[in-house]
Amino acid sequence: ARTSDKAAQTAGAGVKTTAIKKATTKTAAKQTTVTQKTMEGTVIAAPGLLGSQVMYIDGMQIYHYYGEFPDVQIGVVIKVTGDPSTNHGEPRIKITSASAMSVIGTAEVQPQTISADELDGAVGKLVVVTGTAVERLADRFILEQDGKELEVVIKDGVDIPLSSIALGSTFQITGVLTTYDGTYKL
């Protein structure tokens with residue numbers, strides 16, 4: 001097995017990459033490369049808020065197959081180690097246990113106001129977007145700004161009746177920006 005370390009890097013505003021370890025093992029039949037990444041970031045969506053298996057630190061989804069996370073809330077700064085991957089185009093860190101995360105402090109959480117032209121650079125971040133409601137679907141509505149569309153998903157437990165969303169009205173929405181196969185969602 002071969003192991004190497006890269007120096008600390010910054011992986012975007014709010015998320016600090018502190019180490020990347022790469023180990024390669026070779027057998028006669030196959031070669032396997034495992035890369036683990038250690039990052040620090042502020043929790044912007046607590047476990048269970050946007051799904052049972054995910055939470056978000058500023059700029060990155062944290063995923064655990066069994067949905068086992070430590071008890072952390074918005075504003076807690078954590079250090080997390082896991083395997084970098086993507087899910088339908090969205091970057092994430094996959095962890096294998098709650099012990100892959102540790103609390104290292106607290107920080108104030110401030111959403112970033114963005115325009116439709118800034119969606120690409122804001123995936124995984126807490127953002128504020130303003131636009132016009134142009135379509136209502138079963139559990140979401142479509143917000144349009146400057147010809148670009150964003151799906152606004154109304155999650156269970158959110159006290160916003162979809163019937164109250166008047167088409168043609170302008171809304172300012174705060175949420176975690178995600179992407180699914182190129183479709184932006186808030």
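For the single chain, residues carry numbers from 1 onward in sequence order.
Scanning all heavy atoms of the two residues, the minimum distance from A107 to T42 falls at CB-OG1, 3.7 Å. Here the shortest heavy-atom pairing between T130 and Q145 reads O-NE2, 2.7 Å. Taking all atoms of both residues into account, the shortest heavy-atom contact from F171 to A166 is CE1-O, 3.9 Å. Here the closest heavy-atom approach between residue A122 and residue I114 is recorded as CB-CD1, 3.8 Å. The two atoms that bring L50 and A45 nearest to each other are CD1-CB, 3.8 Å, heavy atoms only. In terms of heavy-atom proximity, S163 sits nearest to R136 at O-NH1, 4.1 Å.
No side-chain heavy atom of T132 sits under 4.5 Å from any side-chain heavy atom of L143. The shortest distance between side-chain heavy atoms of I78 and I104 does not fall below 4.5 Å. Annotation: side chain of D117 is in contact with side chain of K148 (closest heavy-atom distance under 4.5 Å). Residues P47 and V72 form a side-chain contact, since some pair of their non-hydrogen atoms from C-beta on lies under 4.5 Å apart.
In this structure, NZ in K79 is found 6.5 Å from OG1 in T38, a value given to the nearest 0.5 Å. The distance from the OG1 atom of T178 to the CZ atom of R92 is 12.5 Å, given to the nearest 0.5 Å. How far CD1 of I44 is from CD of Q112: 10.0 Å, rounded to the nearest 0.5 Å. With values rounded to the nearest 0.5 angstrom, T106 atom OG1 is found 13.5 Å from I74 atom CD1. The distance from the CG atom of L126 to the CG atom of L177 is 10.0 Å, given to the nearest 0.5 Å. Considering CD of Q61 and OG1 of T179, their distance stands at 11.5 Å, rounded to 0.5 Å.
In this structure, V109 is not a member of the same hydrophobic cluster as I57, with clusters built from ILVMFWY side-chain heavy atoms closer than 4.5 Å. A single hydrophobic cluster is seen to contain both V123 and L119, as judged by linkage of ILVMFWY side chains at heavy-atom distances under 4.5 Å, directly or through other members. Clustering ILVMFWY residues whenever any of their side-chain heavy atoms sit less than 4.5 angstrom apart, transitively, puts V77 in a cluster other than the one holding I95. I173 and I165 fall within the same hydrophobic cluster, defined by Ile, Leu, Val, Met, Phe, Trp and Tyr side-chain heavy atoms under 4.5 Å apart, directly or through other members. Taken together through direct or relayed side-chain contacts under 4.5 Å among Ile, Leu, Val, Met, Phe, Trp and Tyr, F141 and V127 form part of one hydrophobic cluster.
Considering L162, I154, V152, I142 as possible partners of L137, the one that fulfils the side chain to side chain contact (heavy atoms under 4.5 Å, CB included) test is I142. Partner of R140 under the salt bridge (Lys or Arg N to Asp or Glu O under 4.0 Å) criterion, chosen from E149, E151, E135: E151.
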Intermediate values then yes/no, side-chain contact (heavy atoms from CB on, under 4.5 Å), L186 and V176: CA-CA 6 Å; L186 199 59; V176 177; 5.8 Å; no
Verdict with reasoning, K37 to M39, per side-chain contact (heavy atoms from CB on, under 4.5 Å): CA-CA 6 Å; K37 194 176 206 176; M39 305 175 78; 4.0 Å; yes
Criterion side-chain contact (heavy atoms from CB on, under 4.5 Å) on M55 and L49, from CA distance to verdict: CA-CA 7 Å; M55 62 174 285; L49 183 65; over 6 Å; no
Derivation and outcome, side-chain contact (heavy atoms from CB on, under 4.5 Å), residues M60 and I93: CA-CA 7 Å; M60 185 67 62; I93 298 291; 3.8 Å; yes
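Here K155 does not pair with D139 in a salt bridge; the nearest charged N to carboxylate O distance is not below 4.0 Å.
The closest donor-acceptor contact from the side chain of E118 to the backbone of S115 lies under 3.5 Å. Checking side-chain atoms of Q53 against main-chain N and O of Y63 turns up no donor-acceptor pair under 3.5 Å.
Residue pairs meeting the salt bridge (Lys or Arg N to Asp or Glu O under 4.0 Å) criterion with at least one partner in residues 98-113, sequence neighbours excluded, do not occur; the list is empty.
Residue-environment remark: NZ (K94) stays at or below the threshold of 12 foreign heavy atoms within 6.0 Å.
Using cut-offs of 30° and 60° on the angle between ring planes, the pair H64 and Y66 is tilted.
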